[in-house]
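Inspection log for the structure reproduced underneath, given as structure tokens.
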Amino acid sequence: MSGKKKQEIEFQYYEIPPGERLLAVSGRELDVAANKQHFHNLMEIGYCESGSGEIMFHGKKMPYRQGIVTVVPPNFPHAVYAAQNRQEWEYLFINPERILAESYPDNPMFVKRILDLVNQKEQYYTAGGKNPLAVLICMIVEEAKRKGSYSGEYIRGLLLAALITVARGGMEVVGITPDYEKRSGIGQIAKALEYIDKNYMEHIKMKVLADSCNLSETHFRRLFAEYMNMAPLSYINLVRVQQACSLIQKTRYSMEEVAERVGYPSVSTFNRNFRKVIGTSPYQFKKSGEDYQK
């Protein structure tokens with residue numbers, strides 16, 4: 001039997017520290033040369049400080065070099081292919097809905113409009129010339145390290161400016177045509193991904209996910225597998241197991257309570273799905289992992 005083998009895709013779960021507006025990570029702390037497709041639960045804004053290579057969005061590779069900026073919404077698969085060993089990136093992982101809702105608590109329609117713009121697809125900003133988003137990112141990274149007076153509010157203001165800059169399309173964008181009505185690509189299943197992210201602990205019906213995207217169940221399953229390289233149920237299990245890993249590492253919950261909190265009806269079902277994703281049992285993961293955080 002012949003056929004093209006689908007590339008493995010990895011879900012990477014990140015948490016914003018309590019009391020913070022973002023998670024700032026240096027590319028030197030990440031495996032940027034892994035050549036592996038992955039996606040995140042948070043929006044990723046990346047700035048290449050040095051190095052070169054290719055970045056892939058939806059199967060299309062584009063060259064990158066020092067000075068480029070990438071904006072990747074939650075749940076959008078992408079990969080970085082480094083041309084040299086030394087790579088220095090700065091990454092900001094943020095929740096744009098939280099930033100916008102805090103800034104415009106009385107204007108939900110405006111919040112939704114901006115979210116639709118920044119979440120509709122990946123954006124790639126070329127290096128050179130005036131690059132206000134790169135300037136904002138550098139300011140945010142510096143403040144996140146320095147933590148000066150009123151740091152939280154200062155960072156929130158800079159993040160808001162960054163999101164509005166992305167929404168405006170204020171820089172040269174490769175391959176991006178903002179369209180409020182016609183979302184293409186993975187945007188067709190974006191509502192389902194958002195629903196899973198917020199309701200993974202509940203029993204989720206395929207019809208509810210399909211209806212959220214205005215698709216038939218058959219069409220929804222096909223599109224989901226095409227864009228995510230996995231079935232909807234596999235993705236739900238992936239999200240649940242990632243949440244379970246966080247609970248195991250950070251709390252004293254029993255495995256029965258962890259299983260219940262992430263949406264599994266029994267410990268045996270939890271164990272089976274956990275092993276399928278992680279490759280070991282929850283108990284072995286707890287024994288070999290870090291202690292809970294007090």
Side-chain angles (χ1 to χ4, degrees), residues 11-27 30 38-48 57 68-76 78 89-125 131-171 173 176 178-180 183 186-187 190-191 193-200 239 242-243 246:
F11 175 55
Q12 296 179 355
Y13 180 79
Y14 292 100
E15 284 187 307
I16 297 173
E20 302 290 341
R21 292 304 200 290
L22 56 79
L23 174 66
V25 183
S26 169
L30 300 175
H38 61 282
F39 58 99
H40 313 290
N41 57 308
L42 298 172
M43 170 176 280
E44 173 197 285
I45 301 177
Y47 172 67
C48 181
F57 295 144
I68 68 102
V69 175
T70 60
V71 179
V72 185
N75 302 307
F76 277 60
H78 58 289
W89 284 75
E90 293 291 348
Y91 290 102
L92 305 179
F93 292 97
I94 68 172
N95 182 338
E97 183 175 4
R98 176 189 169 192
I99 299 298
L100 290 165
E102 285 182 350
S103 303
Y104 302 98
D106 300 320
N107 197 344
M109 293 303 296
F110 179 76
V111 170
K112 183 180 184 302
R113 182 182 180 188
I114 299 301
L115 283 173
D116 284 345
L117 277 170
V118 300
N119 284 334
Q120 64 179 326
K121 72 182 298 187
E122 313 96 327
Q123 298 195 19
Y124 175 101
Y125 298 87
N131 193 331
L133 189 55
V135 173
L136 287 168
I137 292 172
C138 291
M139 291 174 67
I140 293 168
V141 170
E142 181 180 352
E143 183 62 27
K145 294 176 180 177
R146 188 172 67 91
K147 293 188 181 299
S149 302
Y150 303 104
S151 182
E153 292 307 307
Y154 183 60
I155 287 177
R156 180 167 70 90
L158 291 174
L159 286 172
L160 177 62
L163 289 171
I164 298 299
T165 299
V166 173
R168 290 180 62 191
M171 295 179 289
V173 183
I176 304 301
D179 188 334
Y180 307 127
R183 293 167 60 113
I186 203 171
K191 292 297 183 182
L193 295 173
E194 292 172 9
Y195 185 90
I196 293 169
D197 187 55
K198 294 178 180 179
N199 299 280
Y200 64 87
V239 172
Q242 291 287 343
Q243 296 286 353
S246 180

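As the structure is a computational prediction, the values presented were derived from the model and not from experiment.
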| Within a radius of less than 6.0 Å around CD of Glu97, do more than 12 heavy atoms belonging to other residues, nucleotides or ligands occur? | no

| query | What's the shortest heavy-atom distance between Leu22 and Ile16, and which atoms? | reply | N-CG2, 3.6 Å

| Spacing of Leu159 atom CG and Ile140 atom CD1 [to the nearest 0.5 Å] | 4.0 Å

| task | Answer yes or no: is there a side-chain heavy-atom contact under 4.5 Å between Ile94 and Leu163? | result | yes

| said: I need the minimum non-hydrogen distance between Pro73 and Val118, along with the two atoms involved. | reply: CG-O, 3.6 Å

| request: Fit a plane to each ring of His40 and Tyr14, take the angle between them on a 0 to 90° scale, and name the class: parallel (under 30°), tilted (30 to 60°) or perpendicular (over 60°). | output: tilted

| query | With a 4.5 Å limit on heavy-atom distance, are the side chains of Ile99 and Asn95 in contact? | reply | no

| query | Say you draw a straight line from CG of Leu92 to CG of Leu23; how long is it, rounded to the nearest 0.5 Å? | reply | 9.0 Å

| said: So Leu160 and Leu100, do their side chains get closer than 4.5 Å, heavy atoms only? | reply: yes

| message | Working to the nearest 0.5 angstrom, can you tell me the gap between Ile155 CD1 and Tyr150 OH? | response | 15.5 Å

| Which value, rounded to the nearest 0.5 Å, describes the distance between Arg98 atom CZ and Met43 atom CE? | 15.0 Å

| request: Take atom CD of Glu142 as the centre, draw a 6.0 Å sphere, and report whether it contains more than 12 heavy atoms from other residues, nucleotides or ligands. | output: no

| said: So which atom in Gly46 and which in Ile137 form the shortest heavy-atom distance, rounded to 0.1 Å? | reply: O-CD1, 4.5 Å

| query | Taking all atoms of both residues into account, what is the closest heavy-atom pair of Ser103 and Arg156, and its distance? | reply | OG-NH1, 3.1 Å

| query | Would you call Val166 and Leu117 a side-chain contact if the rule is heavy atoms closer than 4.5 Å? | reply | no

| query | Parallel under 30°, tilted from 30 to 60°, perpendicular over 60°: which one fits the rings of Trp89 and Tyr91? | reply | parallel

| query | What pair of heavy atoms forms the shortest contact from His78 to Phe39, and how long is it? | reply | CE1-CA, 4.3 Å

| query | Does the pair Glu44 and Thr70 meet the rule for a side-chain contact (heavy atoms from CB on, under 4.5 Å), with working shown? | reply | CA-CA 8 Å; Glu44 173 197 285; Thr70 60; 4.3 Å; yes

| Inter-residue atom distance Asn119.CG - Phe76.CZ, 0.5 Å rounding | 7.0 Å

| message | Please give me the minimum heavy-atom distance between Glu102 and Pro105, naming the atom from each residue. | response | O-CD, 3.7 Å

| Side-chain heavy atoms of Leu133 within contact of Val71, under 4.5 Å | yes

| request: May I ask you to say whether Arg21 pairs ionically with Glu143, meaning some side-chain N is under 4.0 Å from a carboxylate O? | output: no

| Nearest 0.5 Å, what's the NZ-CG distance between Lys112 and Asn107? | 13.0 Å

